[in-house]
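A quick write-up on the structure given underneath.
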Amino acid sequence: MIDDIDVLTPEEREAAAAVRGLRMRGASSAFRDRLQTEFMTGSISSGLDRSRVREVPGVFRFPARWVPPLAWAAAATLIAVTAIGLNRGPAWQVKDVSGSGIIVVGNLPIPLEHSEQLAAALLPGARVRVPPGATVEVMAPGNLAIVLMAGTDVEMPASPGRWFGRGVSATLAGGQLRITTGPRFKGARLAIHTPEADVAVTGTTLAVICEPQGTCICVLEGHVDVGARGGEMSVVDEGRRRFVFNDGRGPEVDEMRPTERERLGEFRDSMDEALRR
């Protein structure tokens with residue numbers, strides 16, 4: 001109803017007057033009786049003749065034969081999304097921090113004392129730069145534990161997925177990583193790339209050290225595949241080391257460094273119980 005009759009044109013006022021003059025017709029007694037009976041018996045229907053229904057232009061309706069495939073597609077999508085969520089490996093936890101200063105994750109400076117903020121920022125692929133004089137121990141429960149030594153510049157790996165996505169990778173631009181694997185790492189693979197070397201970890205305790213002359217890999221236990229970037233890989237057995245030079249010289253193979261033997265042993269023992277929880 002339009003209250004302000006003055007805004008209407010003469011034709012519109014005439015139409016409005018005609019509508020107001022229409023007489024309301026009530027439902028017939030036969031219709032009321034039929035409606036009451038159908039309502040009481042639960043057989044009420046619209047009585048609509050579907051053959052006389054006109055489709056609204058521009059409105060798409062799925063053919064009935066499409067409904068089952070669409071339902072299956074929706075169910076499959078839901079299952080896939082759920083599986084991906086359940087497959088995701090555990091997030092990184094900050095196990096221990098020594099020293100003080102500011103660690104930089106991506107472009108975010110974080111005081112080393114703020115361990116919860118640091119853990120939240122340690123996403124797969126995040127670039128982490130550890131300040132001088134500090135070390136950070138991180139752990140993905142059941143999978144991996146890593147010590148980021150002072151001066152380390154690394155792109156963090158993800159933790160391996162539970163059933164698929166078991167291959168993960170990290171890029172170490174400088175500094176040193178000490179790594180030990182847990183029981184859930186079995187069947188997974190961690191690839192570490194340094195400026196000179198490719199390292200493939202399948203279950204072991206080792207150190208990867210970037211130095212001015214190249215990359216040193218010391219293996220405390222297990223076996224590690226090591227090679228020059230893009231080159232052929234060779235196995236480094238436990239108790240041994242392999243140094244990949246950055247000046248084109250062939251690799252140097254020898255006993256692992258005594259300091260790393262001691263430090264890696266302490267690290268493995270300290271993380272063993274936590275990784276098995």
Side-chain angles (χ1 to χ4, degrees), residues 77 80-97 102-112 114-131 134-210 215 217 222 224-226 229-230 233 267 271 274-277:
T77 300
V81 170
T82 302
I84 290 171
L86 292 174
N87 179 70
R88 187 177 296 115
W92 291 108
Q93 299 176 3
V94 177
K95 184 72 168 50
D96 189 34
V97 175
I102 302 295
I103 187 170
V104 180
V105 182
N107 294 320
L108 180 65
I110 302 173
L112 283 171
H114 297 182
S115 58
E116 291 185 1
Q117 183 183 6
L118 174 58
L122 291 177
L123 301 176
R127 183 184 179 189
V128 180
R129 285 161 285 179
V130 182
T135 60
V136 179
E137 291 184 10
V138 299
M139 177 181 67
N143 272 280
L144 280 167
I146 303 177
V147 180
L148 285 66
M149 302 297 294
T152 291
D153 184 346
V154 63
E155 289 185 5
M156 291 293 294
S159 61
R162 295 177 185 272
W163 307 292
F164 52 89
R166 302 280 284 155
V168 296
S169 64
T171 300
L172 180 63
Q176 177 179 352
L177 303 177
R178 292 185 178 130
I179 302 166
T180 190
T181 60
R184 295 180 194 168
F185 190 82
K186 184 177 180 180
R189 178 186 176 92
L190 168 63
I192 303 172
H193 308 290
T194 76
E196 300 83 20
D198 292 325
V199 183
V201 179
T202 55
T204 183
T205 301
L206 75 155
V208 182
I209 310 164
C210 286
T215 299
I217 297 90
V224 178
D225 291 330
V226 179
R229 285 295 297 264
M233 306 285 276
F267 174 50
M271 297 302 300
L275 281 173
R276 293 182 182 279
R277 289 175 185 168

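Excluded from the calculations below are hydrogen atoms, water molecules and symmetry mates; all remaining heavy atoms, backbone and side chain alike, are included.
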#### Entry: salt bridge (Lys or Arg N to Asp or Glu O under 4.0 Å): pairs with one or both residues in residues 171-183, sequence neighbours excluded
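Residue pairs passing salt bridge (Lys or Arg N to Asp or Glu O under 4.0 Å), neighbours aside: R178-E260.
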### Pairs touching residues 139-151 that satisfy salt bridge (Lys or Arg N to Asp or Glu O under 4.0 Å), sequence neighbours left out
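Qualifying pairs: none.
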### Task
Quick one: closest heavy-atom pair of V105 and A126, and the distance?
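Result for this residue pair: CG1-CB, 3.9 Å.
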### Message
Testing the basics here: between L123 and A120, what is the closest heavy-atom pair and its distance to 0.1 Å?
### Response
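Where L123 meets A120 most closely, the heavy atoms are CD2-O, 3.9 Å.
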Enter the distance from [X]:[atom1] to [Y]:[atom2] here, rounded to the nearest 0.5 Å.
X: T181; Y: M271; atom1: OG1; atom2: CE; value: 11.5 Å
X: K95; Y: S115; atom1: NZ; atom2: OG; value: 12.0 Å
X: R166; Y: T202; atom1: CZ; atom2: OG1; value: 11.5 Å
X: I217; Y: L177; atom1: CD1; atom2: CG; value: 11.0 Å
X: L144; Y: L275; atom1: CG; atom2: CG; value: 8.0 Å
X: E196; Y: C210; atom1: CD; atom2: SG; value: 6.0 Å

Does any part of the side chain of [Y], heavy atoms only, come nearer than 4.5 Å to the side chain of [X], both counted from C-beta?
X: I192; Y: I179; answer: yes
X: L112; Y: P131; answer: yes
X: V201; Y: V208; answer: no

Enumerate, atom names and distances included, each donor-acceptor pair closer than 3.5 Å involving a side-chain atom of residues 145-153, sequence neighbours excluded.
{"unit_1": "T152", "atom_1": "OG1", "unit_2": "M149", "atom_2": "N", "d": "3.3"}
{"unit_1": "T152", "atom_1": "OG1", "unit_2": "M149", "atom_2": "O", "d": "2.7"}
{"unit_1": "T152", "atom_1": "OG1", "unit_2": "Q176", "atom_2": "N", "d": "3.0"}
{"unit_1": "T152", "atom_1": "OG1", "unit_2": "Q176", "atom_2": "O", "d": "2.9"}
{"unit_1": "D153", "atom_1": "OD1", "unit_2": "R127", "atom_2": "NE", "d": "3.0"}
{"unit_1": "D153", "atom_1": "OD2", "unit_2": "R127", "atom_2": "NE", "d": "3.4"}
{"unit_1": "D153", "atom_1": "OD2", "unit_2": "R127", "atom_2": "NH2", "d": "2.6"}

### Message
Please enumerate all residues that pass side chain to side chain contact (heavy atoms under 4.5 Å, CB included) together with P90, with sequence neighbours excluded.
### Response
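By the side chain to side chain contact (heavy atoms under 4.5 Å, CB included) rule, P90 matches A140, P141, N143, S159.
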## Note on the structure
So the side-chain hydrogen bond (donor to acceptor under 3.5 Å, both in side chains) pairs with at least one residue in residues 182-194 (sequence neighbours excluded) are H193-D198, T194-T215
### Task
Could you list the residues that satisfy side chain to side chain donor-acceptor pair (under 3.5 Å) with T180, not counting sequence neighbours?
T205
#### Entry: Any donor-acceptor pair under 3.5 Å from W92 side chain to L118 backbone
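No: the side chain of W92 does not pair with the backbone of L118.
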